[in-house]
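Data first, discussion second: the structure below is written as structure tokens.
Whatever order the structure lists ligands and atoms in, that order sets their numbers, starting from 1.
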Amino acid sequence: MAKYPEGRRRTVSPKPKGKRSGLEDPSCYLLRTLLAAKPDYVSGSVLAERLKMTRVAVWGRIDKLRSQGLEIEAARNRGYRLEAEPDYFNSHLLEAWLREKEVVCPISVFDSLDSTNSEAERQLTGGRKESFAVISSSQEKGRGRLGRKWHSPAVGNLYLSVAFRPEMPAMRLRLLTLWLGTRLCNHLRSLSGIDLMVKWPNDIVVDGRKIGGMLTEASIDPECVRTLVFGLGLNVNAARNHFPKALKETASSLKSEAGGNFRLHELTAGIIGVILKGYKECLEKLDSKVLKKSWQPLDALAGKQVIAQSGKEKVKGKAYGIDESGALLIKLRNGKIRSHFSGDVTLNTKR
Ligand code: BT5
């Protein structure tokens, strides 16, 4: 449970951002009102007036939200206050945070799925047209690249996919993952204070431990990207003992690094905003020089001895940043620079 700070008494409750549209679910508006007042209480009569319902109906809504895991305190003569949010996704609270942050994106929220990327693909195949996001509190078949698994237990982590129909040249795909990697890394650095870095091509790491992984999947026809699913797995509130033995030394979470829980819904709404903005930038105006410049200060491999593997080919040398196509540059012993376009890179510790 991520707690909200303690409150005090205030007579006028601030209103949530923006007007309430007819389409907004009353529970979402109720939560937005509590969030806007944070850390103070909002009286039952103010809620009743704003939601245009009776105090008894407000109480009924609050009770339902409580049964979904939200800790809403009721105090005599003060009203209601959101105390804490659960470590699994609640669609009303996520919607409330998206609206608070003015992020517009339809979202499907699940307790459990095979894979959020697979669900996004199914919805695209089913004809869904506009961009949308899929979130699940856990995944049974979370996947990484090259048929690898993404460990996805229900422990307050983020498993997210955002689907687009971009009509963009296939060449831009590699740039998109790298660009979103830098945008997400910078965003998470500023809100967590952790020195996160990007590891080519799709990892978010700290001191060599992996905190997040990105998986971009697309249908291409023949030069143009038709549908695109950007998947992000981010270890948010997982504790060390939530990782299997094989990942204990190589994986970490925001919570383990920062030493405290993160509010999953607020964090997720911000991340979706960053992905939508970064995607638009990539589609409309991303210049590869700008990408190189953003990548450089975050590059976890820069100047390190690495082994890059693509299929059967192995290349050893010093990582030298990325080129304008997004390929990893490796300086060989003989001084020549090689571009590495796909596959894996590991640190070469035996030299
Ligand atoms: C990735 O693949 O890093 C991309 C992972 C993308 C996962 C998201 S979750 C939402 C969406 N839906 C999906 O089904 N997938 C996406 P790759 O570079 O291949 O790295 C996979 C490797 O990371 C594994 O072989 C493990 O070594 C390691 N790993 C697996 N789970 C991990 C975790 N939770 N934290 C840290 N490392 C992990």
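Near Gly142, meaning under 4.0 Å from one of its heavy atoms, ligand 1 places the atoms 14 (O). Near Gly233, meaning under 4.0 Å from any of its heavy atoms, are these atoms of ligand 1: 7 (C), 8 (C), 9 (S). Atoms of ligand 1 found under 4.0 Å from any heavy atom of Ser115, numbered from 1 in the order shown, are 12 (N), 13 (C), 14 (O).
Although no hydrogens or angles enter the test, the distance criterion places no donor-acceptor pair under 3.5 Å between the side chain of His92 and the main chain of Leu30. The closest donor-acceptor contact from the side chain of Gln68 to the backbone of Asn90 lies at 3.5 Å or more, if one exists at all. Remark: side-chain polar atoms of Glu85 are paired, donor with acceptor, to backbone N or O of Leu264 under 3.5 angstrom. Under a 3.5 Å cut-off, the side chain of Ser136 and the backbone N or O of Leu160 do not form any donor-acceptor pair.
Remark: minimum distance from atom 25 (O) of ligand 1 to any protein heavy atom is reached at Arg148 CD, 3.4 Å. What sits closest to atom 38 (C) of ligand 1 on the protein, heavy atoms only, is Trp150 CZ3, 3.4 Å. Looking only at protein heavy atoms, the nearest one to atom 4 (C) of ligand 1 is Met214 O, 3.4 Å. When only non-hydrogen protein atoms are considered, atom 35 (N) of ligand 1 lies nearest to Asn235 ND2, 2.8 Å. Scanning all protein heavy atoms for the shortest distance to atom 36 (C) of ligand 1 gives Ala251 CB, 3.4 Å. The protein non-hydrogen atom at the shortest distance from atom 3 (O) of ligand 1 is Lys210 NZ, 2.7 Å. Looking at atom 28 (C) of ligand 1, its nearest protein heavy atom turns out to be Leu247 CD2, 3.8 Å. Looking at atom 16 (C) of ligand 1, its nearest protein heavy atom turns out to be Arg143 O, 3.8 Å.
On a distance-only criterion, Asp344 and ligand 1 share no N/O pair closer than 3.5 Å. Taking only nitrogen or oxygen atoms, main chain and side chain alike, Thr116 reaches within less than 3.5 Å of ligand 1. Considering both main-chain and side-chain atoms, His151 comes within under 3.5 Å of ligand 1 through a nitrogen or oxygen pair.
Glu266 has no carboxylate O lying under 4.0 Å from a charged side-chain N of Lys38, or vice versa, which leaves the two without a salt bridge. Asp344 has a carboxylate O that lies under 4.0 Å from a charged side-chain N of Arg145, or vice versa, which qualifies the two as a salt bridge.
Minimum interatomic distance between Gln309 and Lys314 (heavy atoms only, all atoms of both residues): OE1-CE, 3.4 Å.
The closest approach between any non-hydrogen atom of Leu232 and ligand 1 is below 4.0 Å.
For the pair Arg128 and Phe132, the cation-pi test (distance below 6.0 Å, angle within 45°) is passed.
When each of Lys141, Arg143, Arg122, Lys149 is paired with Asp114, the salt bridge (Lys or Arg N to Asp or Glu O under 4.0 Å) condition holds for Arg122 and for no other.
Checked against a 6.0 Å centroid threshold, the rings of Phe164 and Phe230 do not count as neighbours.
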